[in-house]
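To keep things clear, I will list the structure first and then write my remarks on it.
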Amino acid sequence: MKNVKVVAFNGSPRKDGNTASLLRRVLKVLEEEGIETELIQLAGETIHGCTACRACYDTKNERCVIEDDKVNEYVQKMKTADGIILGSPTYFSMMTPEMKALIDRTGYVARANNHLFKRKVGAAVVAVRRAGGIPTFDAINHYFLISQMIVPGSSYWNVGIGNKRGEVENDEEGMKTMEDLGRNMAWLIKKLKAE
Ligand SMILES: Cc1cc2nc3c(=O)[nH]c(=O)nc-3n(C[C@H](O)[C@H](O)[C@H](O)COP(=O)(O)O)c2cc1C
């Protein structure tokens with residue numbers, strides 16, 4: 001589909017790990033559906049947390065005043081995309097600090113600028129070894145919902161089980177959940193674009 005794009009962020013500090021495998025499975029389906037995709041892995045990057053300065057509410061220029069990381073670039077990537085996928089491994093029953101920093105900063109800038117991501121399609125994807133995947137999934141979905149975004153479902157909650165790098169590929173149901181998510185996301189985006 002022309003000019004339709006989904007951007008996915010991997011909040012794991014481990015590049016090309018389980019979260020990346022899950023995200024790639026969703027993106028593969030989106031590509032099959034003719035949607036352009038981009039995967040951004042935060043591994044190796046420093047992303048500062050929000051300092052609560054509220055400058056974004058004063059400037060309203062779609063930027064965070066912290067300029068020495070890539071968050072402002074990511075705000076624009078999200079703004080120009082039709083769909084946003086946020087993926088994270090589970091760390092002590094929650095998302096990684098990298099993903100939380102991305103959420104806090106992009107979320108605040110978006111709210112300060114008349115809800116930049118309003119009515120875009122959002123999906124959370126989570127890797128977990130054993131437990132804590134659902135609180136992580138829920139927390140990411142709260143970001144989409146308060147951003148006035150629209151969240152498609154899948155055949156299960158979007159959580160894949162694995163520990164060592166690549167192990168999640170053995171979670172057949174988890175991988176199938178990612179495929180169904182990709183199909184539902186593509187369906188929803190096409191409906192919204194048809195309007
Ligand atoms: C600091 C840390 C905390 C973790 N906490 C949890 C946890 O609370 N529950 C769990 O099931 N797995 C936990 N894990 C395991 C990871 O969620 C799991 O290995 C995941 O597949 C890693 O995904 P990645 O390869 O994309 O980094 C933790 C791993 C690390 C490094």
Side-chain angles (χ1 to χ4, degrees), residues 5-32 35-50 69-71 73-75 77-78 81 83-107 121-145 149 151-186:
K5 189 168 175 185
V6 169
V7 62
F9 292 87
N10 177 9
S12 175
R14 179 159 72 169
K15 197 177 178 207
D16 296 325
N18 290 320
T19 311
S21 295
L22 294 165
L23 289 168
R24 285 201 172 100
R25 188 61 67 97
V26 185
L27 298 185
K28 182 172 173 279
V29 174
L30 289 166
E31 292 271 349
E32 283 166 13
I35 294 173
E36 191 189 331
T37 69
E38 181 178 5
L39 173 62
I40 295 168
Q41 303 203 54
L42 302 182
E45 280 183 34
T46 301
I47 305 224
H48 304 283
C50 176
D69 61 22
K70 291 189 172 171
V71 165
E73 182 186 324
Y74 296 157
V75 168
K77 278 193 186 287
M78 289 176 169
I84 301 166
I85 307 178
L86 297 184
S88 179
T90 305
Y91 277 16
F92 286 87
S93 193
M94 196 33 65
M95 69 189 80
T96 60
E98 289 83 357
M99 180 51 68
K100 188 63 168 67
L102 182 76
I103 279 184
D104 290 349
R105 303 247 316 277
T106 58
V121 175
V125 162
V126 174
V128 65
R129 181 188 73 84
R130 184 177 180 85
I134 293 300
T136 309
F137 176 73
D138 290 346
I140 298 173
N141 278 316
H142 278 83
Y143 168 85
F144 298 132
L145 296 172
M149 291 173 65
V151 179
S154 184
S155 45
Y156 208 88
W157 300 301
N158 313 331
V159 177
I161 294 170
N163 194 23
K164 289 187 191 129
R165 199 184 245 125
E167 218 170 65
V168 80
E169 307 258 357
N170 302 327
D171 175 15
E172 226 173 88
E173 190 176 357
M175 295 313 276
K176 167 82 168 47
T177 303
M178 299 305 139
E179 285 172 17
D180 292 335
L181 172 64
R183 297 252 174 258
N184 291 340
M185 201 169 181

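Atoms within a ligand are numbered from 1 in the order they appear, just like the ligands themselves.
- Scanning all protein heavy atoms for the shortest distance to atom 23 (O) of ligand 1 gives Pro89 CB, 3.3 Å.
- Of all protein heavy atoms, the one lying nearest to atom 2 (C) of ligand 1 is Tyr91 CD1, 3.6 Å.
- Close N/O approach between Gly162 and ligand 1 is found [any backbone or side-chain N/O within under 3.5 Å].
- Among residues two or more places apart in sequence or in another chain, the ring pair (Phe, Tyr, Trp, His ring centres under 6.0 Å) test is passed with Tyr143 by none.
- Listed for the Asn184 side chain is a donor-acceptor partner under 3.5 Å among the backbone atoms of Gly153.
- Among Arg24, Glu31, Lys28, the single residue meeting the side-chain hydrogen bond (donor to acceptor under 3.5 Å, both in side chains) criterion with Thr37 is Glu31.
- Residue-to-ligand polar distances place Ser93 within reach of ligand 1: an N/O pair is separated by less than 3.5 Å.
- Contact atoms of ligand 1 toward Ser12: 24 (P), 26 (O), 27 (O) (distance under 4.0 Å to a heavy atom of the residue).
- For the atom pair CE of Met178 and OG of Ser155, the computed distance is 9.0 Å after rounding to the nearest 0.5 Å.
- Each of the atoms 19 (O), 22 (C), 24 (P), 25 (O), 27 (O) of ligand 1 lies under 4.0 Å from some heavy atom of Arg14.
- The closest side-chain heavy-atom distance from Val121 to Pro152 is below 4.5 Å.
- For the atom pair CE of Met175 and CG of Leu22, the computed distance is 5.5 Å after rounding to the nearest 0.5 Å.
- Of all the atoms in ligand 1, the ones that sit under 4.0 Å from a non-hydrogen atom of Arg130 are 10 (C), 11 (O).
- In terms of protein heavy-atom proximity, atom 19 (O) of ligand 1 is nearest to Asn163 OD1, 2.7 Å.
- The single protein non-hydrogen atom nearest to atom 26 (O) of ligand 1 is Thr19 OG1, 2.7 Å, given as residue, atom name and distance.
- Counting heavy-atom neighbours within 6.0 Å of Glu173 CD, excluding the residue itself, gives a total of 12 or less.
- Scanning for side-chain contact (heavy atoms from CB on, under 4.5 Å) contacts around Ile161 gives Val128, Asp171, with sequence neighbours left out.
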Decide side chain to side chain contact (heavy atoms under 4.5 Å, CB included) for Lys176 and Tyr156; before the verdict, give the C-alpha distance in whole Å, the side-chain angles of both, and the deciding distance to 0.1 Å.
-> CA-CA 9 Å; Lys176 167 82 168 47; Tyr156 208 88; over 6 Å; no
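- Between Gly17 and ligand 1 there is a heavy-atom distance shorter than 4.0 Å.
- Where the criterion is an N or O separation shorter than 3.5 Å, residue side chain and backbone included, Ala131 meets it with respect to ligand 1.
- Closest protein heavy atom to atom 5 (N) of ligand 1: Phe92 N, 2.9 Å.
- Distance from atom 4 (C) of ligand 1 to its nearest protein heavy atom, with residue and atom name: Thr90 O, 3.3 Å.
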